[in-house]
Amino acid sequence: MMDMPEIRGRLTPQRPLNDLTWLRVGGPADWFFQPADLDDLCTFLSALPDEIAVFPMGVGSNLIVRDGGLRAAVIRLGRGFNEIDIAGGRVRCGAAALDAHVAKRAAAAGLDLGFLRTIPGTIGGAIRMNAGCYGSYVADVLVEATAVTRTGDVVKLSPEDLAFGYRSSVLPEGAVLVEAVFQAPSGDPDVLAVRMEEQLAKRNETQPVKDRTAGSTFRNPAGFSSTGQADDTHELKAWKVIDDAGMRGARRGGAKMSEKHSNFLLNTGDATASDLERLGEEVREKVRETSGLDLVWEVIRVGEP
């Protein structure tokens, strides 16, 4: 066991991660830490030997952990990091708060963070990926984020510090996001609630929400989210170029590209992480051959083969 100071959270060696990812694949993490609170997280990181990498993990909705597992200390925030406070037109929330919960709480207070309603995952992941849909992104509404550095110090990060791009941000190596503050446009609570329900219904109609997926597999080549508008253009949507390459419904082992939405990679029951990643690479290769485009993974892939 690692020689650690007095921590109050749970530290588990060799913790399998397959049951914690939406795709249900992945080997063990060398260490798995669930901090009790902010002080506990700071204590743990400041004492963690330098040679041990840190990997923050949300609810695993956008993640393939490879079959050999992760040579790292995986940190998963839970209760104590999921509060949501709303005051003065601002929404302050813990990084473990679910995107959907934040959107609903904000709407009830007359603040529009509705784009988060259909995004599966936590606020920490949403910041990391600059999550967005319907033409809105985290970068548009974030005031500041709080993180704990690899050395255990608490730092404030501005949107400029995070250098947001399409589906990307820049975080210090090994830093763990713990809180965010959003400034949201105001709106009528009833109108916002109806719109979110409509967007949710549309998502459920067009995406394989009942299957084991990790959300959109590849970034849209055009470099922006679907707007949901009638005049939205489809030439450079990832699903469109995957269709054009004939890869809708393609299979490898237990992995499959969804028939319902071809930019969703599915575990049909017994896929390994290797099946999923290899099928994704086959899709990229076919798209390169047919359209000359280089699809970029949106799903994060980590660990050892």
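Scope of the values below: all heavy atoms of this structure, side chains included, with no hydrogens, waters or symmetry mates.
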Within the side chain of [X], is there an N or O that forms a donor-acceptor pair under 3.5 Å with the backbone of [Y]?
X    : Y    : value
N204 : A201 : no
T290 : K286 : yes
D40  : G9   : yes
N82  : R79  : no
D275 : A255 : no
T21  : V25  : yes

same_hphob_cluster([X], [Y]) at 4.5 Å side-chain heavy-atom cutoff:
X    : Y    : answer
L63  : L265 : no
L23  : L17  : no
M257 : W22  : no
M57  : L38  : no
L293 : L279 : yes

Drop me the distance from [X]'s [atom1] to [Y]'s [atom2], to the nearest 0.5 angstrom.
X    : Y    : atom1 : atom2 : result
I7   : L48  : CD1   : CG    : 10.0 Å
F81  : L41  : CZ    : CG    : 5.0 Å
E198 : M196 : CD    : CE    : 11.0 Å

For F33, the ring-ring contact (aromatic ring centres under 6.0 Å, His included) test, sequence neighbours excluded, returns F44
Apply side chain to side chain contact (heavy atoms under 4.5 Å, CB included) to the pair D153 and V148, showing each step before the final yes or no. CA-CA 5 Å; D153 300 305; V148 180; over 6 Å; no
Using a distance-only test with no angle check, is there a side-chain donor-acceptor pair under 3.5 angstrom linking [X] and [Y]?
X    : Y    : answer
T149 : T151 : yes
K256 : T268 : no
R203 : T118 : no

Check your understanding: If you link I, L, V, M, F, W and Y whenever their side-chain heavy atoms are under 4.5 Å apart, who else ends up in the same group as L192?
Key ->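 Members alongside L192: none; it stands by itself.
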So V170 and F164, side chain to side chain contact (heavy atoms under 4.5 Å, CB included) or not? Walk me through it.
CA-CA 7 Å; V170 176; F164 287 120; over 6 Å; no
Measuring only between side-chain heavy atoms, which start at C-beta, is [X] closer than 4.5 Å to [Y]?
X    : Y   : value
V74  : L70 : yes
V181 : V91 : no
Q34  : L11 : no

(message) Assess the residue pair D39 and R8 against the criterion (salt bridge (Lys or Arg N to Asp or Glu O under 4.0 Å)); give the C-alpha distance rounded to whole Å, side-chain angles, the decisive distance to 0.1 Å, and a yes or no.
(response) CA-CA 10 Å; D39 287 344; R8 288 167 291 113; 5.2 Å; no
By the salt bridge (charged side-chain N to carboxylate O under 4.0 Å, His left out) test, which pairs, at least two apart or in different chains, include something from [range]?
range            : answer
residues 87-106  : R92-E179
residues 58-68   : R66-E277
residues 15-33   : R15-D19, D30-R71
residues 159-171 : R167-E298

For this session: Test V302 against F55 for side chain to side chain contact (heavy atoms under 4.5 Å, CB included), laying out the working first.
Result: CA-CA 9 Å; V302 293; F55 183 77; 3.6 Å; yes
Atom of [X], atom of [Y] and distance for their closest heavy-atom approach:
X    : Y    : value
R128 : L177 : N-CD1, 4.3 Å
V176 : P56  : CG2-CG, 4.1 Å
A180 : L142 : CB-CD1, 3.9 Å
A271 : L276 : CB-CG, 4.2 Å
C42  : V154 : SG-CG2, 3.6 Å
P35  : R76  : CD-O, 3.6 Å

All side-chain contact (heavy atoms from CB on, under 4.5 Å) counterparts of [X], not counting sequence neighbours:
X    : result
L98  : V59, H101, T122
L295 : F218, P221, A238, V241, I242, V283, R284, V287
D244 : K240
A109 : I86

task = Indicate yes or no: does E259 engage R248 in a salt bridge with an N to O separation below 4.0 Å.
result = no
So side-chain hydrogen bond (donor to acceptor under 3.5 Å, both in side chains) across residues 44-63, not counting sequence neighbours, yields none
Applied to residues 206-224, the side-chain hydrogen bond (donor to acceptor under 3.5 Å, both in side chains) test, sequence neighbours excluded, yields none
- request: Using the side-chain contact (heavy atoms from CB on, under 4.5 Å) rule, pick out the option among I75, I52, T12 that qualifies with W31.
  value: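 For W31, the side-chain contact (heavy atoms from CB on, under 4.5 Å) check succeeds only for I52.
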What verdict does the side chain to side chain contact (heavy atoms under 4.5 Å, CB included) test give for L162 and L171, after you've listed the backbone C-alpha separation in whole Å, the side-chain angles of each residue and the deciding distance to 0.1 Å?
CA-CA 6 Å; L162 289 159; L171 264 179; 3.8 Å; yes
